[in-house]
Novice: 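One structure is given below, represented as structure tokens, and several questions about it will come after.
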2 protein chains.
Amino acid sequence: MEKNTIAEHQHVNDQNNLEENEKNPMTAALQAIGGKWKLLLLDSIRRECPKRFGELRKEMKYITQTTLTAQLRELERDGILTRAVFPEVPPRVEYKLTALGKQLIPIMDALCEWGKLYDENKSKS
Amino acid sequence: MEKNTIAEHQHVNDQNNLEENEKNPMTAALQAIGGKWKLLLLDSIRRECPKRFGELRKEMKYITQTTLTAQLRELERDGILTRAVFPEVPPRVEYKLTALGKQLIPIMDALCEWGKLYDENKSKS
DNA sequence: AGCAATAGTATTTTTTTCCATACTTAGTAT
DNA sequence: ATACTAAGTATGGAAAAAAATACTATTGCT
């Protein structure tokens, strides 16, 4: 995970730095919420916030526990959600959107709307 | 590419059918515009529409030609953009957003805005 | 005749993601 | 004592996505 060769650093820099050292905001967004599960998880959490680990696992029928944990930890690391561990037995862990995460809500709404359009379009062809 | 085993079909059906045969629109959207490059390509095309293959390749500095072609063809297949070949030498191929693709523009705008927020947030920590 | 330009295709290799399985922890219920 | 619970971790491996490399076609230009 921490390879960090010179070549790799160079690559990352080149990719993020457009003309005058300006980052492409779309690239930034995709780094945070790209991937197979993240938007699905966030969409689920925002509909019932806070949400427990086990509920997410049930909803995302085909995600494995390992992957679910990994994705949630990345979202936490990136400041999009918070993870609260309650010192109970059996354990309870709740995930919530942060302020930054909540800013994604209208985008998720719009994406869902677009998804419906896309489906209608598909069935027409 | 066309494996289509029974198990695989079952899986896809289960994943898309929530309670009463209703599709999750977010899943649909992600199937169309998920992946490492698609939103980046669409974001570039919408800023200069139509856009030529070679321009895209220059902008997406680290995409390979093979991947670029594959992604564009999928977006075309999914009704998000059109591909126009001009019978000239050297060849010219132009990509344009369809009506469905144009519906993504406000979403891409919002995502870019969010990307900036995300970056600010990151530099604060 | 040889080369450049554009937009590819074909094939193989690498990287990234994701999954399967087994194990853990601590208190509570049987 | 043992089983059960929720939310994990550890390890190994497979599948999917993307990349690397080499090749193609056409026609104008030098």
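In the text below, chain A, chain B and the rest are named by the order of the sequence lines, each starting its count at 1.
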Novice: Can you sort out the partners of B:K38 under side-chain contact (heavy atoms from CB on, under 4.5 Å), two or more places apart, ordered by chain and number?
Specialist: B:Q71, B:E74, B:L75
Novice: Counting only pairs under 3.5 Å, give me each side-chain donor-acceptor contact of residues 97-109 of chain B, with atom names and distances, residues two or more places apart or in other chains.
Specialist:
from, atom 1, to, atom 2, distance (Å)
B:T98, OG1, B:G79, O, 2.7
B:T98, OG1, B:I80, O, 3.1
B:T98, OG1, B:L100, N, 3.3
B:T98, OG1, B:G101, N, 3.0
B:D109, OD1, B:R46, NH1, 2.8
B:D109, OD1, B:R46, NH2, 3.2

Novice: Per the atom types in the model, does the base of C:dA10 pair as donor or acceptor with the side chain of B:T66 at under 3.5 Å?
Specialist: yes
Novice: Any residue in residues 86-94 of chain A with a heavy atom nearer than 4.0 angstrom to DNA chain D? Just list them by number, or reply none.
Specialist: A:P90, A:P91, A:R92, A:V93
Novice: The criterion is salt bridge (charged side-chain N to carboxylate O under 4.0 Å, His left out); which residues satisfy it with A:R47, sequence neighbours excluded?
Specialist: A:D43
Novice: Taking salt bridge (charged side-chain N to carboxylate O under 4.0 Å, His left out) as the definition, give me every residue that meets it alongside B:K116, ordered by chain and number, with sequence neighbours left out.
Specialist: B:E113
Novice: Does B:R92 pair with B:E94 as a salt bridge, N-O distance under 4.0 Å?
Specialist: yes
Novice: List for me each residue that meets salt bridge (charged side-chain N to carboxylate O under 4.0 Å, His left out) alongside B:K122, sequence neighbours excluded, and say none if there are none.
Specialist: B:D119
Novice: What residues from residues 42-58 of chain B pass a heavy-atom cutoff of under 4.0 Å to DNA chain C?
Specialist: B:R52, B:F53, B:G54
Novice: Check salt bridge (charged side-chain N to carboxylate O under 4.0 Å, His left out) between A:D78 and all other residues, then give those that pass, not counting sequence neighbours.
Specialist: none
Novice: Looking at the side chain of B:K36, which of D:dG8, D:dA19, C:dC18 is the nearest nucleotide?
Specialist: D:dA19
Novice: Pairs in or reaching into residues 82-104 of chain A: which pass ring pair (Phe, Tyr, Trp, His ring centres under 6.0 Å), with residues at least two apart or in two chains?
Specialist: none
